[in-house]
Amino acid sequence: MTRAEELPDVASAREFYAKYEPKEIIGTGASSTVRRCVRRTTSKEYAVKIIDLIGNGELVGEDLRTVTHNEIKILRMVSGEMHIIELVDVFETETLMFLVFELLHKGELFDYLTEVVKFNEKQTRQTMRALLETVAFLHQQNIVHRDLKPENILLDDDKQIHLSDFGFAVALEHDRQQLRQLCGTPGYMSPEMLKCAINELNPGYGKEVDMWASGVIMYTLLAGVPPFWHRKQMVMFRRIMEGNYSFPSPDWDDISSCAKDIIIKLLEVDPDKRLTAKGALNHPFFQHVEDGNRYFSQGFNPRKKFRVAIWTVLAGVVVSKLSQNVKKTMCVIIGKDPYSSKAIRKLIDASSFSVYGHWVKKRADQNRAMLFKNHLCFNKF
Ligand code: ATP
């Protein structure tokens with residue numbers, strides 16, 4: 001039991017305990033504890049976020065209550081949307097608030113990404129399509145999330161995403177309403193939000209901040225590292241305001257120009273030129289339809305497909321004839337620069353995680369390939 005949970009209950013808290021049986025802690029926030037809980041009548045599992053209004057977080061008391069009421073209001077406005085976490089029940093006392101959510105067993109997208117290192121384009125397309133459809137839905141209702149990041153995206157058993165943490169979300173009074181509050185998470189903040197914080201003459205920011213954060217997420221999914229990160233926060237902020245990022249080789253060599261193009265259009269410093277959620281969904285990167293495990297282009301052309309199949313077979317014949325030479329060449333390449341081989345690069349990336357224990361690049365010059373700069377070791381290859 002946390003300190004706040006031991007405090008004297010009032011009627012609402014008793015109502016919560018009568019309806020649900022709290023179980024183990026599954027997560028903690030700045031001023032909250034998240035527990036698995038079971039509804040007594042149905043034995044169905046949920047997650048309850050228990051918010052400590054008298055805790056030690058940045059926000060306490062009535063301020064925290066007001067923020068949580070806003071979160072509840074917005075969660076109710078978007079209730080039923082497929083990729084948004086479902087708020088099931090709310091109980092409130094003088095010192096505690098209980099928010100009962102659907103339980104998402106697979107945890108945060110952030111942790112999953114840490115486990116798999118990075119996504120391929122197919123996985124990125126699936127995740128980003130769901131995220132952008134959700135953002136389009138929010139923006140259509142004039143809701144800005146303001147804290148999009150892999151930590152606030154939870155996964156269900158089928159690895160479907162569910163957007164959570166609407167603590168900074170705001171419902172605009174009208175489409176073009178400008179906001180000024182600096183909020184969210186530093187690495188995902190947009191240039192216009194930062195500029196607004198340092199210059200009070202700046203006109204403010206709007207929905208476009210979510211599109212910037214979506215660009216940061218997409219870059220991070222594909223690269224396994226975020227685009228602007230620097231251990232000195234001020235340097236990171238400067239990079240963000242300048243839109244200073246790159247697609248370094250060899251990490252980005254295997255990634256299509258189409259994927260890079262949409263990232264460039266999302267990480268556009270000028271919010272008026274940045275892709276909207278609907279615009280992003282219309283980008284060629286998403287013009288693929290998923291059919292089970294197969295992917296095909298929307299302009300499916302069987303003749304073209306057949307021609308490609310023939311070329312593939314012919315190429316296979318040529319490659320098998322050349323295979324002896326290829327093997328020798330590969331050995332030379334791998335011996336000199338193992339990180340340049342895609343298969344070995346994947347292995348290096350996966351192994352380096354158990355060494356670093358974290359997927360964020362810690363220094364600008366840090367590169368997973370550095371782990372394998374020991375030429376002596378690879379001369380034996
Ligand atoms: P805060 O913004 O108040 O600091 P937070 O965003 O860090 O909070 P919470 O919403 O309090 O996090 O959740 C903490 C952790 O609990 C999450 O990161 C997640 O791992 C887990 N969690 C939250 N809600 C659920 C849920 N519905 N199902 C499964 N796990 C959850």
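In each ligand, atom 1 is the first atom listed, and ligand 1 is the first ligand listed.
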Item to check | Any pair counted as side chain to side chain donor-acceptor pair (under 3.5 Å), so long as it reaches residues 271-284, sequence neighbours left out | outcome: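 Counting only pairs at least two positions apart or across chains, the side chain to side chain donor-acceptor pair (under 3.5 Å) contacts touching residues 271-284 are Glu192-Arg274, Asp261-His283.
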
Exercise answer, ligand 1 polar atom pairs (N/O) under 3.5 angstrom:
{"unit_1": "ligand 1", "atom_1": "2 (O)", "unit_2": "Asp165", "atom_2": "OD2", "d": "3.1"}
{"unit_1": "ligand 1", "atom_1": "4 (O)", "unit_2": "Ala30", "atom_2": "N", "d": "2.7"}
{"unit_1": "ligand 1", "atom_1": "6 (O)", "unit_2": "Asp165", "atom_2": "OD2", "d": "2.5"}
{"unit_1": "ligand 1", "atom_1": "10 (O)", "unit_2": "Lys49", "atom_2": "NZ", "d": "3.0"}
{"unit_1": "ligand 1", "atom_1": "11 (O)", "unit_2": "Ser32", "atom_2": "OG", "d": "2.8"}
{"unit_1": "ligand 1", "atom_1": "18 (O)", "unit_2": "Glu108", "atom_2": "OE2", "d": "2.2"}
{"unit_1": "ligand 1", "atom_1": "20 (O)", "unit_2": "Glu108", "atom_2": "OE2", "d": "3.3"}
{"unit_1": "ligand 1", "atom_1": "27 (N)", "unit_2": "Glu102", "atom_2": "O", "d": "2.9"}
{"unit_1": "ligand 1", "atom_1": "28 (N)", "unit_2": "Leu104", "atom_2": "N", "d": "3.0"}

Checklist entry - What class does the angle between the rings of Tyr219 and Phe247 fall in, given that below 30° is parallel, 30 to 60° is tilted and above 60° is perpendicular? => result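 Parallel.
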
Checklist entry - How about Trp212 and Phe228: are their ring centroids closer than 6.0 Å? => result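 Under 6.0 Å, so yes.
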
Checklist entry - Can we say Arg176 and Glu208 salt-bridge, meaning some charged N sits less than 4.0 Å from an Asp/Glu carboxylate O? => result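 Here Arg176 pairs with Glu208 in a salt bridge, since their nearest N and O are under 4.0 Å apart.
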
Item to check | Results of side-chain hydrogen bond (donor to acceptor under 3.5 Å, both in side chains) for Glu21 - residues two or more places apart only | outcome: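 For Glu21, the residues satisfying side-chain hydrogen bond (donor to acceptor under 3.5 Å, both in side chains) (neighbours in sequence not counted) are Lys23.
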
Next on the checklist: Run the side-chain contact (heavy atoms from CB on, under 4.5 Å) test against Asn244 and tell me which residues pass, sequence neighbours left out.
Outcome noted: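 Listed in chain order: Arg239, Glu242.
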
